[in-house]
Structure formats: C-alpha cells, structure tokens
Asks: 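I'd like to ask some things about the structure below.
Here is the naming used below: chain letters follow the sequence lines, and residue numbers restart at 1 for every chain. In this text, all values refer to a predicted model and were calculated from it rather than measured experimentally.
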Amino acid sequence: MTRYNAGATEAKWQKVWAENKTFEVTEDRAKPKYYVLEMFPYPSGKIHMGHVRNYTQGDVVARYKRAKGFNVLHPMGWDAFGMPAENAAMENNVHPAKWTYENIDHMKNQLKSIGFSFDWSRELATCDPEYYGKEQAMFIDFMEAGLVYRKESWVNWDPVDNTVLANEQVIDGKGWRSGAPVERKKLSQWFLKITEAADDLDKELDNLPRWPEKVRVMQKNWIGKSKGMHITFDAVENDKKIRVYTTRHDTIFGASFIAIAADHPIAAEYAENSEELQAFIEECRQLGTSEEALEKAVKKGFKLDLQMQHPFRDDCKLPVYVANFVLMEYGTGAVFGCPAHDQRDLDFARKYDLNVIPVVIPKGEDAATFEVGDVANTDPGVLGNSDFLDGMSVEDAKAKIIELGEAGGFGEATINYRLRDWGVSRQRYWGAPIPMIYCDDCGVVPVPKEDLPVTLPDDITFDKPGNPLDHHPSWKHVDCPNCGKPAVRETDTFDTFIDSSWYFARFACPNTDAPLDKELTDYWMPVDQYVGGIEHAILHLLYSRFFTRAMKEIGLCDVKEPFDGLFTQGMVCHETYQDEKGDWVLPEEVEKKDDGTVVSRVTGESIKSGRSVKMSKSKKNVVDPTSIIDTYGADTARWFMLSDSPPERDLEWTEEGVEGAWRFTQRLWRTVTTMLDADAANIEEPSDFSKQAKELRRMTHISIGSIGKDIENFHFNASVAQTYKFANAIAAFKSDGSDGDRFALYEAIKSIILLTSPMMPHLAEEMWTMIGGEGLVSDATWPVVREELTQQSSVTVVVQVQGKLRDKLDVEKDMDKETLEKLALASDKVQSFIEGKEIRKIIVVPNKIVNIVV
RNA sequence: GCGCUCGUGGUGAAAUUGGUAAACACAGCAGACUUAAAAUCUGCCGCCCUCACGGGCUUGCCGGUUCAAGUCCGGCCGAGCGCACCA
C-alpha cells in the first residue's frame with residue numbers, strides 16, 4: 001500500500017490552480033457574489049500559526065461558497081507600512097523597503113504552500129506608491145469635504161525616539177519601544193473628524209447582526225455615547241462663566257463645588273498671577289495615565305479665588321477648584337461636584353471639607369435624616385432636599401432641569417462622546433507621506449492631484465533620532481504649487497491604520513486609476529465575511545467603518561458599512577518550556593519522556609513545562625508552520641487547525657493532535673484507494689437497496705446536510721467530527737457486489753471527497769482524479785441533500801419515570817401517542833419502577849420521549 | 001469600579017436550542033499482526049457500589065421554574081477579556 005505523498009501532491013495541485021487561474025474572479029453577474037476576506041498580515045518576516053488558522057478558516061468558507069455557486073472574491077495583500085521596518089533598518093542597517101519586500105516575497109511563498117484559494121492577481125501592498133498615492137488623493141478629497149483639519153493638540157511624546165506615540169503605544173506611561181517616560185507635548189497634527197460620525201457609528205452597530213456581540217459592545221463602549229446636559233455657571237464677583245457637562249443634572253441641588261481641568265482656559269488665566277497654581281498645573285500634567293498611577297492618585301484640587309452662582313439657589317455660592325481628576329479632553333473640561341452621589345466628588349469633598357447634600361433619597365429613607373458616609377449613594381430613589389424637584393423621579397427631575405435651563409438660557413440637553421477625533425500624523429519615515437505643503441504666503445496647500453503620489457525618498461539615514469524625512473537634505477523643499485515660492489512639505493506620514501482602513505475596497509478594483517471604481521466597488525462591497533483577530537475589535541474595525549462612510553461621502557462608493565459579517569477567531573496557544581536558568585526553550589528543542597519528565601534535546605538538562613499561552617516569540621512557544629507543512633503537508637495542518645476547538649476559542653497546538661490529523665489524512669486516502677470501485681460511476685441509481693446500503697446512503701446525506709450547515713455557522717470542529725463518522729462508516733462498509741451496494745459506496749466516496757475539499761483541498765483534488773471526477777474538485781458543485789434518504793423508518797423513543805431514563809423503545813416513526821403510551825407502560829423495566837404507584841400524568845412527545853409521573 | 005464572555009470525563013470538546021449528557025477525537029489500557037519496533041486492526045475507557053445482571057451519582061456551587069434543565073430565572077464562587085479619574 002502506497003502512502004499519500006502530501007509534499008509532491010500539494011505542490012502539483014497548487015501549480016494546477018495557478019496555471020488555470022482557478023481562483024481569479026471577475027464580476028460575473030449570473031451568480032450571486034460573495035466576498036470573503038481575512039485581515040491582511042503585516043509582513044514581519046514569516047507566517048505564524050495564527051495566520052495559518054485565520055486564513056484556513058476564511059479559505060474553508062471561500063471554497064465552500066464557491067462550491068455552493070457563489071462568485072467568490074477571496075483576495076490577499078500586505079499591511080506593509082509600520083515601525084518594525086524602521087527598527088530593522090536601525091538595527092540591521094537594511095533599507096525598510098528592501099526588508100519589507102523580501103519579507104513579502106518569503107511570506108507569499110509560504111501562503112502559496114498552504115493552498116489557500118486567493119486571487120493573487122489582486123494582491124496589493126500598502127507601501128506601494130500605486131496604493132498610497134490613491135490614499136493621498138482621498139485625503140485631499142476628504143479635506144475638501146470638510147472631514148480633515150489641522151490643530152495643535154496634546155500628544156504623547158517619546159523624548160528618546162523623538163516621535164509621537166499613539167495612545168496604544170504608551171504602556172504604563174512609558175514608550176513601548178524606548179521605555180522612556182512619555183511626555184505631554186503640544187504639536188500640530190492632522191485629524192480626521194471621526195467624531196462627526198460618532199452617532200451613526202454607534203447607531204448602526206445595531207444593524208450588524210452578523211458581528212459578534214462582544215465586538216459591538218466594545219465599540220459602543222469606545223464610542224461612549226452619553227446623554228446629559230451643559231450648564232453654564234456665572235461667577236459671583238465677575239463676568240466669568242464656566243460651562244460644565246453633566247449626566248446627573250437631577251442632582252443640581254446637591255452641588256457643592258465646581259472643578260475644572262488643569263488645561264482649562266480659566267486655570268491658565270489664574271495661573272498667570274500664581275506660581276503656586278502654575279506648579280499645581282504642572283503636577284497634574286505629570287500625572288501618569290497608567291492604571292496604577294490612577295489607582296494611587298489622590299484627588300487633589302487648587303482652590304481659585306472665584307465663586308460661581310448656583311442657578312436655582314440664590315444663597316448658594318460654589319467654590320471653584322482646579323482638580324487633577326478632571327479631564328480637559330472629555331465634555332467641557334469642567335464639572336459640578338455633587339459629593340453625595342459621585343464617589344470621586346465625595347472623596348474630594350471629604351478632603352476639602354465641602355458640603356455633602358443627599359438629593360436622591362433611597363426608598364424607605366427620610367430626606368431630612370438620610371446621610372452619606374464614605375460611599376457615594378448611586379441607588380435609585382426620589383428627589384429630596386431639592387426644592388421644586390422634591391418627590392420627583394430621577395428621570396423627571398432631569399427633564400425639568402433641562403426645560404428650565406433651556407428656558408433660562410443657561411443650559412441645554414446635549415449628547416457627549418468618549419470618542420475623539422483621529423490624529424493621523426506620525427513622525428515616521430515608513431508610512432504614506434501626508435500630501436500637504438506649507439507656504440509662508442499661501443498657508444497650507446494640498447499637493448495638486450497631478451503631482452501625486454508624493455513618494456518616499458530612497459536615500460534616507462537612520463543615524464539621527466527622529467523623522468528621517470525631516471532630516472533629508474532636499475526632499476521636503478518644494479515650490480508652492482500656488483505661488484511658486486519656496487515652500488516645505490509636510491514631513492509627517494499617515495498613521496498606518498489609514499492604510500488598512502480601505503484596502504478591502506481597493507481589492508474590488510486593484511488596477512483602477514482613481515482610488516476606487518464605483519461600479520466595481522459597489523458590486524463586491526460590503527465584505528460578506530470578514531475573519532480576523534479580536535485584537536482589532538476597536539481600532540481597525542472602527543476606523544474602517546468611518547473611512548467607508550467618508551468614501552461614500554466623497555462619492556467613491558455607495559456602501560457605508562464595510563463588513564456585513566465578522567468572525568473573530570481565537571488564538572493559537574502552546575505549552576511553554578523553561579530551562580534550569582529560567583530561559584525560554586523552543587518546543588522543537590524539548591523531548592517528553594515516557595515517565596512524564598521533559599528534557600532538552602540539545603543539552604539534556606531537565607525542562608520545566610508551563611501553562612499553555614498564546615504563541616509568542618518572547619516565550620519561544622512557537623511552532624513554525626513551514627516545518628509542520630514539510631513534515632505532514634498543508635492539508636494535515638489545515639485539518640488540525642479546524643478539528644477539536646471551536647474556531648472562536650483558543651486552540652492548543654499539540655504534537656499529538658497534529659499526528660492524529662495526519663493519521664486521518666492517511667486513513668481517508670487509504671479508505672478511498674482500497675475501496676474505490678471506479679466502474680460504479682456508471683451504475684444508474686437502482687430502485688432497491690440493501691439495509692446496509694440504505695444506512696450508508698443515510699449517513700452520506702446526513703453528512704452532506706450537516707457539514708454544509710456547520711461550515712456556514714463556523715462550526716468547523718463539528719464538520720470535522722461528522723467527517724470522521726462518515727469516513728468510519730465508509731471504511732466499515734462491506735459491499736456484497738450488488739448494484740445497490742456499489743452505487744451507495746461510490747456515492748459515499750464521491751461525497752466525502754467533495755465534503756472535505758474546502759478543508760483538505762489538495763487531498764480532495766487527488767482523490768477526485770482517482771474517482772474520475774470531472775475537472776477540478778475546486779470547481780465542482782456541493783452535493784445536494786436528498787432529504788428522503790436521511791429519514792429512518794424506525795426511531796428510538798426514550799421512556800422516563802420521574803424524568804429518569806428507564807427504557808428505550810425501537811418503534812415505527814410517527815407512532816401515535818396512545819400506542820406509545822401503551823408500549824411504555826407495558827415495558828417490564830418501566831413496570832418495576834411504577835409498580836403499586838398511582839400514575840398521575842404521562843407526557844408523550846412522539847418520536848422522542850414518554851415521561852411517566854407517579 | 002463598570003461592561004462582556006466562559007465554567008461539561010485524564011485532555012480538546014459535542015449536545016438538533018428544554019427532551020437518551022459525554023457524539024467525534026487525543027491520551028491511556030488490553031489484545032491481534034510482527035523476530036522486534038513503527039504503522040495498522042479489534043476491544044475497553046465519566047465517578048461510585050457489584051463477579052455479573054443491574055443500581056446510584058454526575059455538566060463550578062446554592063436555590064427556583066418545569067412532567068423534564070448542561071440549556072431558562074435568581075444568588076454565589078472561579079477563570080478570561082475589554083474599558084476605566086468619562087462627570
């Protein structure tokens with residue numbers, strides 16, 4: 001018996017697919033379209049197991065949908081801009097472009113060796129001027145549409161690397177790369193007005209039923225829509241005004257102070273004449289933003305010589321504090337403090353000995369005697385100590401205050417968002433240049449469209465800290481397109497999240513001169529099934545949703561939601577190993593002995609195995625896909641990725657599991673090669689079948705139905721389990737040589753080849769030629785379930801007494817209730833449990849169960 | 001602190017959405033084949049009592065709804081994830 005030679009077979013079919021352009025698609029309007037997309041990789045050097053899992057899942061869906069008659073777009077590209085290329089340049093003295101393109105080359109070959117059904121003709125790399133030039137053009141159009149502005153703002157500044165860091169690049173108050181404490185710095189930056197879309201981005205989450213609930217919730221929280229009101233307080237002694245944002249306007253009678261942020265304009269005004277206040281403001285700015293820093297931070301305030309008038313109580317003057325817990329970036333940068341019902345305000349009030357007036361009185365308490373200790377009261381209740389609001393519900397009180405505020409001109413209902421505008425400037429070389437020119441006379445001038453793309457210069461150096469574009473001797477010097485005088489280019493580049501915010505649309509029309517071809521984009525978009533990691537739940541997905549809206553606004557497409565269906569796959573994990581020194585050890589360097597101990601293959605010393613965590617270079621618990629594919633073949637790797645663990649859950653990579661998957665590919669191959677009776681292809685369906693043939697056909701058609709359904713629902717592990725059952729049934733079949741048996745066996749073999757083809761495409765192609773299948777299995781249609789063949793003439797009905805299983809009855813299907821009841825009561829086993837007892841009730845569910853209650 | 005998700009054998013897990021808990025696989029045990037090993041094949045495999053037949057228990061814990069609960073409801077415990085001085 002020859003073994004299935006995965007290596008040679010897989011290479012053969014990959015070549016056939018490439019030569020036939022099997023997976024290249026055009027806009028075939030005779031078929032429904034289906035766009036399957038996996039999040040494109042950053043070309044870091046090598047494909048890792050996480051990629052393999054991600055793309056295998058998408059590939060199963062893509063191949064399945066093709067077989068179901070859809071016109072499937074399944075593209076792949078490279079998220080190729082970013083800091084690692086610059087880091088490599090600095091560390092290894094290699095140009096970022098060279099490093100990136102070499103990585104792409106290598107990784108593309110790796111992906112090809114796994115047999116994914118990508119349409120490579122649409123491949124794109126975001127670092128290609130062909131791509132980022134279109135991005136620059138769109139940015140200029142966005143600017144004309146009023147979606148872009150430039151403003152000075154506070155940024156996270158890394159003093160060692162001399163660059164801005166995104167919020168997510170600040171870890172515990174330190175730069176993620178340099179480890180230096182991050183400073184706050186004011187810098188002019190380009191912004192995209194994502195906040196203008198905040199309401200729509202929030203609202204439309206409710207219309208994305210094919211997204212995981214978890215991701216929708218995370219986005220909702222990130223957008224952070226809150227309904228409240230603005231109230232403007234007037235100063236007692238002068239004409240200053242402070243506008244606050246609050247969601248608890250019902251507690252206005254509990255107000256005992258006003259607090260403003262350190263960066264609030266009024267704070268700055270008072271600081272002019274107070275060194276003490278200047279010092280306090282500086283202290284607030286130094287305050288870390290890390291979790292521990294906030295936990296430890298004491299509420300602190302600096303009292304100003306300023307009092308504000310309470311809008312409803314003439315006798316009440318509210319002191320004003322500059323406080324370290326008020327954020328300038330949220331709301332108006334000012335709040336009124338109501339200590340009784342807000343923990344922060346309470347902490348502050350206790351420290352500075354301010355009034356604590358309870359105004360929402362819990363049920364059963366009396367307004368005159370109810371007191372708040374060290375814990376603010378946030379329980380529901382009715383208003384008290386609140387003059388005309390007394391006795392009202394919280395909701396009614398809020399409405400009343402809004403009504404009075406609007407009537408009196410000192411307040412209005414408002415909606416606030418946590419989401420801020422998207423700062424897209426980065427002081428980096430390896431990104432798309434922001435296409436703007438600064439002219440002393442004309443100001444900011446967009447680069448004329450005919451001059452795009454603004455390409456990166458090749459001759460750059462990384463010997464100085466900071467942005468190489470800024471250091472370049474000539475690149476930034478340019479004549480003003482407006483007046484022709486010497487001017488300078490913007491040397492900042494785009495945040496790389498911009499690159500990944502529209503690539504999915506570009507795949508629809510990768511060769512168009514304009515950023516997008518509207519007709520083609522509208523044909524393919526939205527992505528019907530997007531597959532990627534949960535780590536992109538907020539940023540990438542939110543930015544993409546915004547970008548698609550912006551593209552619609554400037555007329556590039558008609559869709560506004562880019563991803564109709566989203567699936568977030570789990571991580572690939574592996575046990576961790578440490579040697580006696582505590583250094584991490586690669587899985588391939590350890591050996592497990594029969595007695596359970598683990599030793600190093602290299603040094604022989606004993607190794608401590610630790611818990612299974614996400615594969616990562618730092619813990620060295622990685623398995624290289626290439627070595628797995630060389631040893632077992634791509635189909636085995638794909639099959640293992642899909643078995644056992646549900647795709648959304650973490651997958652534990654084990655040697656035993658891969659071995660098991662490999663054994664199955666061999667067993668399936670063996671079953672098909674030894675049992676195949678190719679001549680049976682010509683037998684016409686007989687009218688009569690043996691009992692075992694009927695059973696095999698039942699298994700065949702149940703499998704066709706359930707494997708397809710499980711793929712559609714992303715229950716690949718269930719598809720795999722059903723395939724095992726089906727394969728076991730085929731292997732156990734002993735044909736008696738009759739036409740019926742031969743027909744049933746051939747039907748089963750043909751079906752299992754088709755059913756496994758999305759998961760193990762190479763093996764399926766090979767077996768397909770053996771059974772004389774027409775063309776490629778990749779082009780074959782999914783088999784059709786014949787429902788009548790899945791039916792059984794008899795069913796097992798369970799008999800329970802008091803809800804406990806006592807007997808099973810093999811009866812004819814659809815037997816009526818009376819007969820079932822009679823049969824159940826006649827059972828000896830049942831009788832022994834009901835003997836001498838009064839039967840109170842009998843529940844009969846036909847084809848399922850009889851429950852006797854005594 | 002707020003929010004979300006998840007707790008089922010030695011392990012990964014399944015359970016038609018309230019109707020036979022543990023399918024399928026991994027590991028393990030026993031046997032066949034083999035000079036031997038690998039590969040392959042056959043059988044066993046939740047826990048407890050029993051030679052066996054059989055019985056009892058079992059889906060993190062406690063309670064509830066129901067003829068019937070892994071599934072629904074309430075409370076608790078544990079694990080993971082997200083956000084977090086957001087007014």
Side-chain angles (χ1 to χ4, degrees), chain A residues 1 3 212-222 224-226 228 244-249 251 259 261 287 289-291 293-295 297-299 323-327 329-338 341-345 347-348 378 416-420 534-535 537-538 612 640 643-646 648-652 654-661 663-664 666-667 670 702 705-706 709-710 715 717-728 731 796-808 829 832 840-845 847-854:
Chain A
M1 178 84 264
R3 264 197 189 178
E213 174 74 19
K214 184 186 168 82
V215 175
R216 290 197 306 239
V217 167
M218 281 165 71
Q219 292 218 350
K220 274 220 178 256
N221 291 342
W222 187 265
K225 180 175 179 174
S226 83
V244 306
Y245 173 72
T246 178
T247 55
R248 292 303 305 273
H249 25 301
T251 65
L287 192 69
T289 46
S290 71
E291 195 175 331
L294 292 178
E295 206 108 298
V298 185
K299 307 280 169 286
N324 64 354
F325 64 87
V326 181
L327 306 172
E329 302 83 39
Y330 187 77
T332 59
V335 299
F336 79 73
C338 177
H341 304 292
D342 182 285
Q343 191 59 46
R344 258 177 348 211
D345 295 348
D347 294 346
F348 192 78
T378 51
N416 201 40
Y417 300 92
R418 208 186 74 98
L419 185 69
R420 323 239 170 96
I534 187 81
E535 67 273 19
I538 295 171
S612 180
F640 173 64
S643 335
D644 293 351
S645 285
E648 70 277 10
R649 237 180 270 182
D650 287 352
L651 170 100
E652 160 118 28
T654 61
E655 194 66 20
E656 294 85 357
V658 184
E659 292 272 353
R663 279 199 300 268
F664 179 70
Q666 293 294 337
R667 192 159 82 234
R670 225 171 24 242
I702 285 175
S706 76
K709 206 174 104 246
D710 286 333
H715 295 160
N717 54 324
S719 306
V720 167
Q722 183 62 38
T723 307
Y724 273 112
K725 278 192 218 174
F726 189 18
N728 291 345
T796 304
V797 169
V798 168
V799 186
Q800 297 182 331
V801 178
Q802 299 291 76
K804 286 199 171 160
L805 175 71
R806 294 304 175 193
D807 201 4
K808 294 176 186 179
K829 289 177 185 165
S832 67
R840 295 222 310 261
K841 202 173 176 183
I842 301 182
I843 291 99
V844 184
V845 182
N847 296 331
K848 289 228 165 112
I849 203 162
V850 178
N851 192 6
I852 301 166
V853 188
V854 291

Asks: I'd like to know if the side chain of Tyr724(A) pairs up with that of Ser643(A) as donor and acceptor (distance under 3.5 Å, no hydrogens or angles considered).
Replies: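 No.
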
Asks: Select base, sugar-phosphate, or nothing to describe what Lys829(A) touches, counting heavy atoms under 4.0 Å on all strands.
Replies: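 It contacts nothing in the nucleic acid.
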
Asks: Take Phe336(A) and Asp345(A) through the test side-chain contact (heavy atoms from CB on, under 4.5 Å) and record every step on the way to the result.
Replies: CA-CA 9 Å; Phe336(A) 79 73; Asp345(A) 295 348; over 6 Å; no

Asks: In whole Å, measure the gap between the C1' atoms of C44(B) and U35(B) for me.
Replies: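 It comes out at 29 Å once rounded to the nearest Å.
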
Asks: Rounded to the nearest angstrom, tell me the gap between atom CG in Asp650(A) and atom C1' in U5(B).
Replies: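 Going from Asp650(A) (CG) to U5(B) (C1'), I get 12 Å.
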
Asks: Side chain of Thr247(A), heavy atoms from C-beta onward: which of C85(B), A14(B), A87(B) has the nearest atom to it?
Replies: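 It is A87(B).
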
Asks: Using only side-chain N and O atoms of Asn324(A), determine if any of them is under 4.0 Å from OP1 or OP2 of C85(B).
Replies: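 No, outside the criterion.
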
Asks: Going by the rule ring-ring contact (aromatic ring centres under 6.0 Å, His included), which residues pair with Phe726(A) if we only count those two or more places apart in sequence or in a different chain?
Replies: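 Listed in chain order: nothing, the list is empty.
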
Asks: Name all residues meeting the ring-ring contact (aromatic ring centres under 6.0 Å, His included) criterion together with Tyr330(A); count only those two or more places apart in sequence or in a different chain, and write none if there are none.
Replies: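 None.
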
Asks: Within the sub-3.5 Å range, which N or O atoms of nucleotides 15-22 of chain B have a protein N or O partner, and how far apart are they?
Replies:
| residue | atom | partner | partner atom | Å |
| --- | --- | --- | --- | --- |
| U20(B) | O2 | Lys808(A) | NZ | 2.8 |

Asks: Would you classify Val720(A) as touching base, sugar-phosphate or nothing, given that sugar-phosphate means primed atoms plus P, OP1 and OP2, and contacts are heavy atoms under 4.0 Å?
Replies: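 Touches nothing.
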
Asks: With sequence neighbours excluded, tell me which residues meet side chain to side chain contact (heavy atoms under 4.5 Å, CB included) with Ile534(A).
Replies: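 Only Lys214(A), Val215(A), Ala537(A), Thr568(A) meet the side chain to side chain contact (heavy atoms under 4.5 Å, CB included) criterion with Ile534(A).
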
Asks: What is the pairing partner of A36(B), taking Watson-Crick or G-U wobble pairs with both distances under 3.5 Å in any strand?
Replies: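 Its partner: none found.
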
Asks: In Watson-Crick or G-U wobble terms, both distances under 3.5 Å, what is the partner of A22(B)?
Replies: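 Paired with A22(B), as far as the under-3.5 Å criterion goes, is no nucleotide at all.
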
Asks: Restricting to side chain to side chain contact (heavy atoms under 4.5 Å, CB included), what partner residues turn up for Lys804(A), sequence neighbours left out?
Replies: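 Lys804(A): side chain to side chain contact (heavy atoms under 4.5 Å, CB included) contacts with Arg806(A).
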
Asks: Please enumerate all residues that pass side-chain hydrogen bond (donor to acceptor under 3.5 Å, both in side chains) together with Ser612(A), with sequence neighbours excluded.
Replies: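 Ser612(A) satisfies side-chain hydrogen bond (donor to acceptor under 3.5 Å, both in side chains) with Glu652(A) only.
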
Asks: Rounding to an integer number of angstrom, what distance separates A27(B) and G18(B) when you compare their C1' atoms?
Replies: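 Comparing C1' positions in A27(B) and G18(B) gives a spacing of 34 Å.
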
Asks: Of the options C41(B), C83(B), A13(B), whose atoms approach the side-chain atoms of Arg670(A) most closely?
Replies: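 Within the option list, the nearest is C41(B).
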
Asks: For nucleotides 25-32 of chain B, give me every protein contact, N/O to N/O, under 3.5 Å, one pair per line with atom names.
Replies:
| residue | atom | partner | partner atom | Å |
| --- | --- | --- | --- | --- |
| A25(B) | OP1 | Asn728(A) | ND2 | 3.0 |
| C26(B) | OP1 | Arg663(A) | NH2 | 3.2 |
| A27(B) | OP2 | Arg663(A) | NH2 | 3.3 |

Asks: Please tell me which of the listed nucleotides, A87(B), G82(B), C83(B), lies nearest to the side chain of Trp222(A)?
Replies: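 From the listed options, C83(B) comes nearest.
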
Asks: Tell me which nucleotide among C83(B), A87(B), C4(B) gets nearest to the side chain of Arg418(A).
Replies: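 Per side-chain heavy atoms of Arg418(A), the pick is C83(B).
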
Asks: Can you list everything that forms a ring-ring contact (aromatic ring centres under 6.0 Å, His included) with Tyr417(A)? Sequence neighbours excluded, please.
Replies: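 ring-ring contact (aromatic ring centres under 6.0 Å, His included) list for Tyr417(A), sorted by chain: empty.
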
Asks: Taking syn as within 90° of 0 and anti otherwise, name the glycosidic form of G74(B).
Replies: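 Glycosidic conformation of G74(B): anti.
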
Asks: What residues, two or more places apart in sequence or in another chain, satisfy side-chain hydrogen bond (donor to acceptor under 3.5 Å, both in side chains) together with Lys225(A)?
Replies: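 So Lys225(A) forms a side-chain hydrogen bond (donor to acceptor under 3.5 Å, both in side chains) with Asp199(A).
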
Asks: Would you indicate, yes or no, if C57(B) has its OP1 or OP2 atom less than 4.0 angstrom from a side-chain nitrogen or oxygen of Lys804(A)?
Replies: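 Yes.
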
Asks: Base, sugar-phosphate, or nothing for Asp345(A), non-hydrogen atoms under 4.0 angstrom?
Replies: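 It contacts nothing in the nucleic acid.
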
Asks: Whole-Å distance between G80(B) P and Lys214(A) NZ?
Replies: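 Interatomic distance, NZ of Lys214(A) to P of G80(B): 13 Å.
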
Asks: Using Watson-Crick or G-U wobble geometry with both distances under 3.5 Å, which nucleotide pairs with U42(B)?
Replies: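 Check on U42(B): paired to A30(B), both distances under 3.5 Å.
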
Asks: Any non-hydrogen side-chain atom of Arg667(A) less than 4.5 Å from a side-chain atom of Asn728(A)?
Replies: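 Contact flag for Arg667(A)/Asn728(A) side chains = yes.
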
Asks: When we call it a touch if two heavy atoms are under 4.0 Å apart, what does Arg806(A) touch: a base, just sugar-phosphate, or nothing?
Replies: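 Sugar-phosphate, no base atom in range.
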
Asks: Checking base pairs now: Watson-Crick or wobble, both atom distances under 3.5 Å. What partners C81(B)?
Replies: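 Pairing partner, where one exists within any strand: G3(B).
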
Asks: Nearest to the side chain of Arg344(A), heavy atoms from C-beta on, is which of A23(B), C41(B), C85(B)?
Replies: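 Of the options given, the side chain of Arg344(A) lies nearest C85(B).
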
Asks: Taking the side chain of Val853(A) as heavy atoms from C-beta outward, which of G12(B), C67(B), A87(B) is closest to it?
Replies: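 Between G12(B), C67(B), A87(B), the one nearest the side chain of Val853(A) would be C67(B).
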
